[in-house]
Amino acid sequence: MDRSLIAVYYNYAMHAVIMGQYDMVSGDVPEATSRYIEDCYNNKIVAVWSEGACGDQNPIYFQQTFDLRDIRIKEYAKRGEDISNSMPPGGVGLDRNDPVVKRLMKERELINNAMGVMLGEEVKHVMRGVSRPAVKANIKAAQQLLTFPGRKRTNQGRGGFEGLMLMEILYQSGSVFC
Amino acid sequence: MIGDIALGTVNGEVYNPIATQFIKESPYARTMMVTIANGSANTGYIPDDASFGQNVFEVLSSRLKPGYAERGIIDGILNLMEKLK
């Protein structure tokens, strides 16, 4: 029986938001990590990122997102629009030919790849320590839809002050699976 | 379940303390929580009960009433695990 490795499924809880300014599509850190792991194995295996519970987990380093955001805020302010407590989508407000913007975008790529390498190495480290390789495993699954009381927000703004909420007017659902 | 490895999944963006508590209560030594999986809930972010007081974007934009989702999700998955035994 061929016992060679075919895949690694790893779980990490972090928002994939290093590259995000809503003006490009990127695989971000998951892509950088999986690509790095797969490269290390000569692309003979598949490395699958699964998203952990990241609701409150941003990347530890993403200063450039704040710096680029400040540039956008200033650019919008020149046109009389205050976006300091909102996040309008689209690449508006960033001149990609501006040397500062260029440098920040480049830094972002470096950090994205660096985090991919660090996390990829950690995955490889855990893989080395797998002590009980299973040849056969039964797969079982079940799913259930859950519904919880909801609320509706009536004011605006990203944060820093209290949200005004209407309670008990709607229900929100999601599902859990095991 | 893959053998004795438990993957508890939720189709929303779950706050980390919910996963930490779930892993603590899981009867399986190797348990992980997978989120934003198998569809997309209309809840917005899913904070743990203790985090609901924070005035941050993720909490303010959550469409959930505080006090229900944390226990609901953990018990929901534990019940499914029990059923699959």
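So that the names make sense, note that chain A is the first sequence line, chain B the second, and so on, each numbered from 1. The figures here come from the full heavy-atom set of this structure, side chains too, leaving out hydrogens, waters and symmetry mates.
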Task: Minimum heavy-atom distance B/N16-A/A13, with the two atoms named - done: ND2-CB, 3.5 Å
- [ ] State the CZ-OG distance between B/F57 and A/S86, to the nearest 0.5 angstrom.
- [x] 11.0 Å
Open item on the list: Please check: side-chain N/O of A/N138 versus main-chain N/O of B/I2, any donor-acceptor pairing under 3.5 Å?
Closed with: no
- [ ] Group every Ile, Leu, Val, Met, Phe, Trp and Tyr by side-chain heavy-atom contacts under 4.5 Å, then state whether B/I36 and B/I23 land in the same group.
- [x] no
TODO: Taking the side chain as every heavy atom from C-beta outward, state whether B/V34 and A/Y9 have any atom pair closer than 4.5 Å.
DONE: yes
Open item on the list: Would you say that A/S50 contacts B/L7 through its side chain, given a criterion of any heavy-atom pair below 4.5 Å between the two side chains?
Closed with: no
Open item on the list: Hydrophobic clusters here meaning ILVMFWY residues chained together by side-chain heavy-atom distances under 4.5 Å, can you tell me if A/M127 and A/Y12 are in one?
Closed with: yes
- [ ] With a 4.5 angstrom heavy-atom cut-off, could you sort out which part of A/Q57 is near chain B: side chain, backbone, both or neither?
- [x] side chain
TODO: Name the region of B/N79, side chain, backbone, both or neither, that has any atom closer than 4.5 Å to a heavy atom of chain A.
DONE: neither
- [ ] State whether the side chain of A/D56 and the backbone N or O of B/Y15 hold a donor-acceptor pair below 3.5 Å, judged by distance alone.
- [x] no
Open item on the list: Here's a test for you: under side chain to side chain contact (heavy atoms under 4.5 Å, CB included), which of B/T43, B/L64, B/I46 qualifies with A/F148?
Closed with: B/L64
Task: Least distance between heavy atoms, A/H15 atom then B/E13 atom - done: NE2-OE1, 2.8 Å
Task: same_hphob_cluster(B/I5, A/V126) at 4.5 Å side-chain heavy-atom cutoff - done: no
- [ ] Name the region of B/R30, side chain, backbone, both or neither, that has any atom closer than 4.5 Å to a heavy atom of chain A.
- [x] side chain
Task: same_hphob_cluster(A/F66, A/I71) at 4.5 Å side-chain heavy-atom cutoff - done: yes
- [ ] Heavy atoms only: give me the nearest B/M32-A/N11 pair and the separation to one decimal.
- [x] SD-CB, 3.3 Å
Open item on the list: Keeping A/K140 on the side-chain end and B/L84 on the backbone end, is there a donor-acceptor pair under 3.5 Å?
Closed with: yes
- [ ] Return the minimal non-hydrogen interatomic distance between A/A53 and B/T35, and the atom names on each side.
- [x] CA-CG2, 3.6 Å
Open item on the list: Can you tell me which portion of B/S62 sits under 4.5 Å from chain A's heavy atoms? Options are side chain, backbone, both or neither.
Closed with: both
Open item on the list: If I compare all heavy atoms of A/Q144 with all of B/G76, which pair ends up nearest, and what's the gap?
Closed with: OE1-O, 3.9 Å
TODO: Look at the side-chain heavy atoms of Ile, Leu, Val, Met, Phe, Trp and Tyr, link any pair under 4.5 Å apart, and say whether A/V17 and A/I60 land in one connected group.
DONE: yes
TODO: Indicate yes or no for a side-chain donor-acceptor contact from B/R63 to the backbone of A/R153 under 3.5 Å, with no hydrogens or angles considered.
DONE: no
Open item on the list: Heavy-atom pairs under 4.5 Å with chain A: which of B/P17, B/A19, B/G3, B/P47 has the most?
Closed with: B/G3
